[in-house]
Amino acid sequence: MRLSRYFLPVIKETPSDAAIASHRLMLRAGMIKQAAAGIYSWLPLGFRVLRTLERIVHEEQQKAGHIPMLMPTLQPADLWRESGRFDAYGDELLRIRDRHDRDMLYGPTNEEMITDIFRAHVGSYRELPLTLYHIQWKFRDEVRPRFGVMRGREFYMKDGYTFDLTRDDAIHAYNRHMLSYLRTYERMGLKAIPMRADSGPIGGDDTHEFLVLAETGESEVFYDRAILDLRFGDRPVDFDDRAGCQAIVDEWTAPYARTDETHDADRFAQIPADRQMTSRGIEVGQIFYFGTKYSEPMGATVSTAEGAQVPVHMGSHGIGVSRLVGAIIEASHDDKGIIWPEGVTPFHCGIVNLRQGDGDCDTACARIEGELAARGLEALYDDREERAGAKFATMDLIGLPWRITVGPRGLKDGKVELTARRTGDTEEMSVAAAIDRVAQIYGV
Ligand code: 5CA
């Protein structure tokens, strides 16, 4: 992509109303623009990252055997009257009336709607287990939307719903979600710790939140430092193997890790003092097992092998996809700008042409862009008539992890520079070597 033809409205000044780094940087890097309090347009650069996160979520969910679908943003109030949440949800629920005076709402979550789909089409235990999920915009009329996309009113969320015959089956579904989430966050370059939490308006007893440690996080968290040593990695997971999944969940839930809502000071005190950690965290996901809380009042039952009708055991499992964009930036930036982890970067590599219009420089840059593209890698090529300093500042701000700099002096010896955004380390090498190195970094 040529920067001269792209839409990257970077802002030089620091926006005064943005209290945390990710909000400031997303505005400055031209990723988002506020439309109303807690509601944002995703400009092209931000949209690229959002789409990438969405793709990673889809891939990991489908590896776990979960089935994608799409439910609407607007829901009929009657479904929520059945569960009792139309009134119970309170002011966060945006209620709307259509031209026929029917009550509607902009969905803050989809338990009722998925339960309605289930009861319309599933009637037998033979059709279980079933996990359906979607990634869709949600609306919660938060009292204090703040920190940009971190606590929005409109936000993008993956929500998955599990239907099982028994509690044990539902716990296995819960475990599958925990494992798929751990892998998802790691692919995004994040360390997200599962912490025993409180279920809030979703309900249920078993729930874990996934927290990314960051000073600007809204939750206070308490954990055993030992959990930081755990890596999920590329281990093969058989999602049908109950004991195997349970063993991995046990490994990740054995060290103490809780949010302030469920913190147990006595148990915390039993951890060796040098491992007792208190910090702040950003909640990037939450999983719930809530049994028959929705299936009972809404009549979502199945027939058992013995011919009885029983309500299904359900769980719901969410990932804050749009919040993750902010969380990744909170976890990975410096005073010059964002530093994208390779797994989520909006472009794989930046190309800076130090003398636009110089035949050799232009040819070399075009070659790099083309050869990277031939290997499936997208570069953002700064081909504007700008000073070198301004081009570097833009690249540093938008945070592409690798940059190839092409200038007339180096090119005389056939050399360009490859710079790592994270360390600033720069190496001179031939054009071919720079392309190979970038390809190698991305494993292509
Ligand atoms: N139905 C369940 C699970 S699907 C549910 O709604 N869970 S939740 O309330 O915990 O939301 C799931 C995730 O969405 C949260 O972990 C958080 O990462 C994200 N989220 C929640 N509220 C907001 C918000 N106001 N702005 C941005 N992200 C949010």
Side-chain angles (χ1 to χ4, degrees), residues 66-67 69 71-72 75-95 103 105-125 127-134 136 138-140 157-178 181 194-210 249 253 258-259 261-262 283 285-304 308-320:
H66 305 158
I67 306 168
M69 62 176 295
M71 288 176 272
Q75 306 186 22
D78 281 346
L79 278 180
W80 285 62
R81 292 202 172 97
E82 285 189 56
S83 70
R85 282 207 297 184
F86 190 61
D87 295 322
Y89 213 94
D91 287 342
E92 274 190 23
L93 188 64
L94 181 64
R95 298 163 175 88
D103 288 326
L105 57 100
Y106 192 134
T109 176
N110 285 65
E111 280 81 5
E112 286 79 358
M113 184 163 278
I114 198 81
T115 306
D116 182 52
I117 293 170
F118 180 90
R119 71 182 170 187
H121 298 289
V122 181
S124 160
Y125 74 96
E127 293 163 86
L128 304 181
L130 180 65
T131 300
L132 298 168
Y133 78 92
H134 73 162
Q136 176 61 291
K138 304 291 187 293
F139 195 93
R140 295 184 187 171
M157 180 171 108
K158 172 263 166 184
D159 39 329
Y161 302 90
T162 59
F163 299 91
D164 289 279
L165 184 61
T166 65
R167 182 177 192 282
D168 280 359
D169 295 350
I171 294 297
H172 175 56
Y174 184 91
N175 290 346
R176 276 200 319 270
H177 280 85
M178 185 173 294
Y181 281 23
M195 300 199 179
R196 192 157 272 293
D198 184 61
S199 65
I202 307 293
D205 299 326
D206 288 285
T207 179
H208 280 86
E209 287 179 358
F210 293 79
V249 167
T253 51
R258 293 190 178 200
T259 62
E261 292 160 345
T262 55
E283 181 207 322
Q286 185 161 8
I287 55 178
F288 303 83
Y289 161 69
F290 44 69
T292 58
K293 175 180 157 105
Y294 298 92
S295 55
E296 255 190 64
M298 294 186 66
T301 61
V302 290
S303 58
T304 65
Q309 282 289 323
V310 294
V312 282
H313 285 256
M314 290 176 58
S316 75
H317 310 275
I319 294 182

Roughly how far, to the nearest 0.5 Å, is [atom2] of [Y] from [atom1] of [X]?
X: H134; Y: M113; atom1: NE2; atom2: CE; result: 9.0 Å
X: M157; Y: Q136; atom1: CE; atom2: CD; result: 10.5 Å
X: D164; Y: T131; atom1: CG; atom2: OG1; result: 6.5 Å
X: I114; Y: M69; atom1: CD1; atom2: CE; result: 4.5 Å
X: L105; Y: F86; atom1: CG; atom2: CZ; result: 6.0 Å
X: R258; Y: R196; atom1: CZ; atom2: CZ; result: 6.5 Å

Are [X] and [Y] packed together at the side-chain level, in the sense that at least one heavy-atom pair is separated by less than 4.5 angstrom?
X: L79; Y: M298; answer: yes
X: R95; Y: D103; answer: no
X: M71; Y: I117; answer: yes
X: H121; Y: L130; answer: no

Exercise for the section: Step by step, work out the side-chain contact (heavy atoms from CB on, under 4.5 Å) result for R176 and H66. Expected result: CA-CA 9 Å; R176 276 200 319 270; H66 305 158; 3.0 Å; yes

For [X] and [Y], work out which heavy atoms get closest and say how close.
X: R81; Y: D78; result: NH1-OD1, 2.8 Å
X: T292; Y: V312; result: CG2-O, 3.5 Å
X: Y294; Y: E112; result: CE2-OE2, 3.6 Å
X: Y125; Y: T304; result: CD2-C, 3.5 Å
X: G107; Y: Q75; result: CA-NE2, 3.4 Å
X: R140; Y: P108; result: NH2-O, 2.8 Å

Test your reading of the model: is there a side-chain donor-acceptor pair from [X] to the backbone of [Y], 3.5 Å cut-off?
X: S303; Y: A308; answer: no
X: S295; Y: P311; answer: no
X: Y161; Y: N110; answer: yes
X: H208; Y: P194; answer: no
X: E127; Y: S124; answer: yes

Handout entry: Salt bridge flag under 4.0 Å for residues R85 and E111
Key =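 Looking at R85 and E111, the cut-off is met.
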
Handout entry: Aromatic centroids of F118 and F163 separated by under 6.0 Å
Key =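 Close enough - the centres of the two rings lie under 6.0 Å apart.
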
Exercise for the section: Evaluate the criterion side-chain contact (heavy atoms from CB on, under 4.5 Å) for residue pair V310 and V302; output intermediate values, then yes/no. Expected result: CA-CA 6 Å; V310 294; V302 290; 4.2 Å; yes

Practice task
Name all residues meeting the ring pair (Phe, Tyr, Trp, His ring centres under 6.0 Å) criterion together with H317; count only those two or more places apart in sequence or in a different chain, and write none if there are none.
Solution key: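 For H317 the ring pair (Phe, Tyr, Trp, His ring centres under 6.0 Å) partners, ignoring immediate neighbours, are H177.
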
Handout entry: Set of ring pair (Phe, Tyr, Trp, His ring centres under 6.0 Å) partners for F139, sequence neighbours left out
Key =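 Testing F139 for ring pair (Phe, Tyr, Trp, His ring centres under 6.0 Å), a comparison that skips the adjacent residues, returns Y106.
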
Practice task
Let me see the working for M178 and I287 under side-chain contact (heavy atoms from CB on, under 4.5 Å), right down to the final yes or no.
Solution key: CA-CA 7 Å; M178 185 173 294; I287 55 178; 3.9 Å; yes

Practice task
Not counting sequence neighbours, which residues clear side-chain hydrogen bond (donor to acceptor under 3.5 Å, both in side chains) with N175? List them please.
Solution key: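 Applying side-chain hydrogen bond (donor to acceptor under 3.5 Å, both in side chains) to N175 gives Q246.
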
